[in-house]
Every structure is written in C-alpha cells, then in structure tokens.
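Index from 1, following the sequence. Start at 1 and go down the list; that is how both ligands and their atoms are numbered.
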Amino acid sequence: MPGTNATPPARLPIEGSEVQGLQLDTVVVAAGRPERAHDAAVNPPIVLSSTFHGIGEVRDGDRAYGRYANPTWDPLEDALAELEGASQSGLLFASGLAATAAALDLVPVGGVLVMPRHSYQGALVLASELAQKGLFELRLVDIAETVAVEAALAGATTLWIESPTNPLLEVADFPAVTAAARREGALVIADNTFATPLVQRPLEFGADVVLHSVTKYLAGHSDVLLGALLTSDAGLRARLLHFRSLHGGIAGPFEAWLGLRGLRTLALRVERSQASADWLARRLAGDSRVSGVRYPGLPGDPGHVRAAAQMSGFGSILGLELPSAEAADAVVSGLRLWTPATSLGGVESLIERRRRHANEPVTVPEGFLRLSVGIENVQDLWADLDQALTAAAQQAPPSMP
Ligand SMILES: *Cc1c(COP(=O)(O)O)cnc(C)c1O
C-alpha cells in the first residue's frame with residue numbers, strides 16, 4: 001500500500017468530451033456514460049475494490065488504492081465539472097461537510113476568511129472552531145451588504161460565498177463581491193448547493209472553487225450523503241485531492257453511483273420544484289396568516305433584482321415567517337403531506353423551524369420556517385399548507401399589537 005505521502009493520482013482535465021456543447025439539461029442525462037460498444041452497459045458499474053493492481057513502478061495517475069481513487073467516482077466527478085463549467089474533473093467527498101473541510105483547508109494559516117453570517121450551519125461551526133484554534137481570523141458579514149463585504153475584505157485571503165443563503169435566502173452580488181476579492185488577491189469559494197449549476201454558475205462570476213452538498217438537489221432523493229468540489233485551477237485541485245486522500249473523507253462507491261443516478265433527473269426536478277415554489281410564494285405573499293414570505297422570485301423580495309440578473313431561476317426554497325416559535329410549530333405539526341425534517345433538495349417537500357437548532361444564529365427569527373419544495377402536485381402542497389395555517393391561526397391567541 002502506498003505510504004501517506006504517495007502522490008495522489010492526477011486525473012486528466014476534461015477535453016473533447018462527447019457531451020460538450022450540449023445544454024445543461026441534456027448534460028445531466030448524457031454526461032458520465034461508459035464508452036459505446038456492442039452489448040456494453042449504458043450505465044457505469046459500481047466498482048467494489050479497496051485496492052488496484054500495481055505492476056511495476058507507481059506512476060502518476062495510477063489508482064493504486066481506494067482512498068485515492070475509485071472508477072465509480074469518475075462519471076459523477078466529470079458530470080459535475082461539466083455542469084459547473086470547470087475544466088478539471090471534480091472531486092467527490094463523503095458529504096458536503098467533508099468537502100467543506102477540504103475547502104477550508106485552503107485558508108492559509110494566519111489568513112483572513114470572510115464568510116456570510118448565515119452560511120450553512122456546519123460550515124460556520126467548523127470555520128469558527130478553526131479560527132478559535134488560531135489558524136486564521138474569521139470575519140462574518142451580511143453577504144447581501146456589498147459595501148460591508150468589500151470593507152471586510154481588506155487584507156483578506158479567502159472569501160466564502162453562499163447565495164442564496166441558508167435559511168434567509170439573502171442574495172449576494174456575485175460579480176461585485178468576487179471582483180472585490182480578486183482586487184485583494186483573495187481566493188473565492190462558493191457554496192452552490194441551494195441554486196444548483198442549472199440555476200447559477202459561480203465559476204463564471206470569478207469564483208475559484210465551487211462546493212456542493214450533493215446530498216441535496218444533485219442526488220435529489222434524500223437517500224445518500226455526498227459532497228463535491230469543482231475548480232478549473234489544476235494547482236487548487238491537486239491541493240484538495242491531497243487533502244481528501246490524507247483525511248479520507250471519500251465517497252463510498254454505492255453512494256457515488258446513487259449520486260449519478262439521481263443527477264439524471266435533476267433538470268426535471270428543479271424545473272418542477274422551482275415552478276411550485278414560485279407559485280406557493282405568490283400565493284402566500286400577503287396572506288394574513290403569515291407575517292412574511294422570503295423568496296427571491298417575488299418582485300418585492302430584497303434579493304429579487306440581483307437574483308434575476310445572475311440566476312436563471314429563483315430556486316425551490318422559500319422562507320415563511322410566523323409571529324412566534326409557537327405559531328410556527330403549530331403550522332408544522334398540522335401538516336400531513338409536508339414532512340417535518342431538516343435538509344432540503346429531495347423529491348419530497350420538507351419543512352422546518354430553523355431555530356429549533358440551538359446553533360442557529362439568533363438573527364434568524366424564532367418563527368421562521370424553511371420550506372424545501374419537492375415535486376408533488378402543487379395543489380396538494382397548497383391544500384395541506386392552507387389547512388395547517390388555518391388550524392394554527394385558530395389555535396393561537398391573536399397576537400398583541
Ligand atoms: C447540507 C448542506 C451542506 C452540508 O452538506 P452535507 O452533505 O449535509 O454534509 C453544506 N452547504 C449547504 C448549503 C447545505 O445545504
């Protein structure tokens with residue numbers, strides 16, 4: 001077995017791929033297919049092997065051992081790179097947070113990381129812990145406040161972008177903040193989980209690394225945990241691969257296979273759930289049973305103009321504000337079709353009061369519900385929400401002015 005300092009295999013950049021030049025909703029179906037040969041399978045196989053034949057000297061690019069490479073990862077890594085417009089093949093991880101840990105390792109010791117106050121909770125906790133150990137300085141910002149982000153970037157080495165943010169759906173001015181980071185010479189890492197590459201492509205705005213919790217929309221069925229990193233920079237990819245090979249947060253072959261299997265329907269799922277989220281947001285806006293709706297697709301939403309300029313849709317997550325934690329909990333417990341659970345991006349609609357997590361930032365209102373709209377019939381989703389809102393309103397004492 002190669003030692004811990006073995007050179008990780010270098011996979012070739014993608015070139016001359018047979019799916020190049022196709023629309024992204026075709027790429028999700030066509031990318032990562034095995035070579036065409038008579039009687040060959042149309043789907044890649046699952047390769048269950050912890051080691052690979054090694055005859056003679058170990059050469060660059062050899063698979064060698066299962067912590068460095070597995071052929072089952074390749075089709076999904078290539079497909080994700082194609083979707084994000086990365087010239088290097090992607091890197092698959094055991095989870096979005098394993099990918100986050102690798103990406104945070106790019107922050108230099110003694111560096112300065114600028115990060116949204118409302119980033120994904122796990123990423124925030126991990127970055128805070130690394131900062132507390134003294135590895136780097138962490139500056140939290142409201143990512144939608146471009147002037148404040150620019151100010152925080154003075155002397156920074158790394159900018160983390162999440163947009164729309166989780167859970168408040170704030171929208172960053174992607175081109176402006178990445179340009180500001182560039183002027184400082186800071187590396188830009190963008191978590192694109194909420195939007196998916198079908199809706200937003202951060203590398204085109206100048207991001208250096210794109211992160212995905214593949215667990216969510218890309219795999220899409222709430223049955224697998226996976227993460228991914230994409231970059232066009234060969235040097236950055238080599239560092240991230242080195243981290244993955246040594247820390248061992250690798251994807252299981254079956255998980256990787258499930259991820260590609262889920263990806264095949266991404267375009268249909270995103271199209272359907274986005275249309276339903278938009279419909280529900282419009283229906284709920286101005287409904288007296290809720291005190292607010294957050295959805296970048298609503299013309300009155302603070303993020304609307306920016307989202308319309310830099311995204312090709314508005315995503316399938318919406319925020320619903322109820323006057324109190326009790327009122328929000330009453331809505332959740334009255335639902336029959338919507339599933340009360342954390343996570344997002346699956347075929348089934350999920351709902352959650354975010355502040356039920358002790359770690360959730362206090363800037364997220366107590367009565368804030370995050371809705372991940374799935375692919376069910378939108379009338380059924382509405383009927384269920386409608387009855388739960390009415391039941392909760394009847395149950396709650398009228399709120400004092
Ligand atoms: C879920 C999520 C993560 C973490 O991914 P896991 O696969 O759960 O480890 C990171 N970022 C965002 C935006 C997420 O929603």
Taking all atoms of both residues into account, what is the closest heavy-atom pair of [X] and [Y], and its distance?
{"X": "Glu162", "Y": "Pro116", "answer": "N-CG, 3.8 Å"}
{"X": "Val224", "Y": "Thr215", "answer": "O-CG2, 3.2 Å"}
{"X": "Leu266", "Y": "Tyr217", "answer": "CD1-O, 3.3 Å"}

Tell me: protein heavy atom nearest [atom], and distance?
{"atom": "atom 2 (C) of ligand 1", "result": "Lys216 NZ, 2.5 Å"}
{"atom": "atom 4 (C) of ligand 1", "result": "Tyr120 CE2, 3.4 Å"}
{"atom": "atom 7 (O) of ligand 1", "result": "Thr215 OG1, 2.6 Å"}

For this session: State whether the number of non-hydrogen atoms from other residues, nucleotides or ligands found under 6.0 Å of Arg289 atom CZ is greater than 12.
Result: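 Yes - once you tally the heavy atoms of other residues, nucleotides and ligands closer than 6.0 Å, there are more than 12.
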Exercise. What do you reckon, does Gly96 have a nitrogen or oxygen under 3.5 Å from a nitrogen or oxygen of ligand 1?
Worked result: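 Yes, since at least one N or O of Gly96 sits under 3.5 Å from an N or O of ligand 1.
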Exercise. Evaluating non-hydrogen atoms only, which member of Ala94, Ala98, Ser213 is closest to atom 5 (O) of ligand 1?
Worked result: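 The residue whose heavy atom sits nearest atom 5 (O) of ligand 1 is Ser213.
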Problem set entry | Ring-ring centroid check Phe314 His304, cutoff 6.0 Å |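 Yes, close enough.
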Enumerated ligand 1 atoms positioned under 4.0 Å from heavy atoms of [X]:
{"X": "Asp191", "answer": "10 (C), 11 (N), 12 (C), 13 (C)"}
{"X": "Leu226", "answer": "7 (O)"}
{"X": "Leu97", "answer": "4 (C), 5 (O), 6 (P), 9 (O)"}

Exercise. Between Ser232 and Leu203, is any pair of side-chain heavy atoms under 4.5 Å apart?
Worked result: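 With C-beta onward as the side chain, the pair touches.
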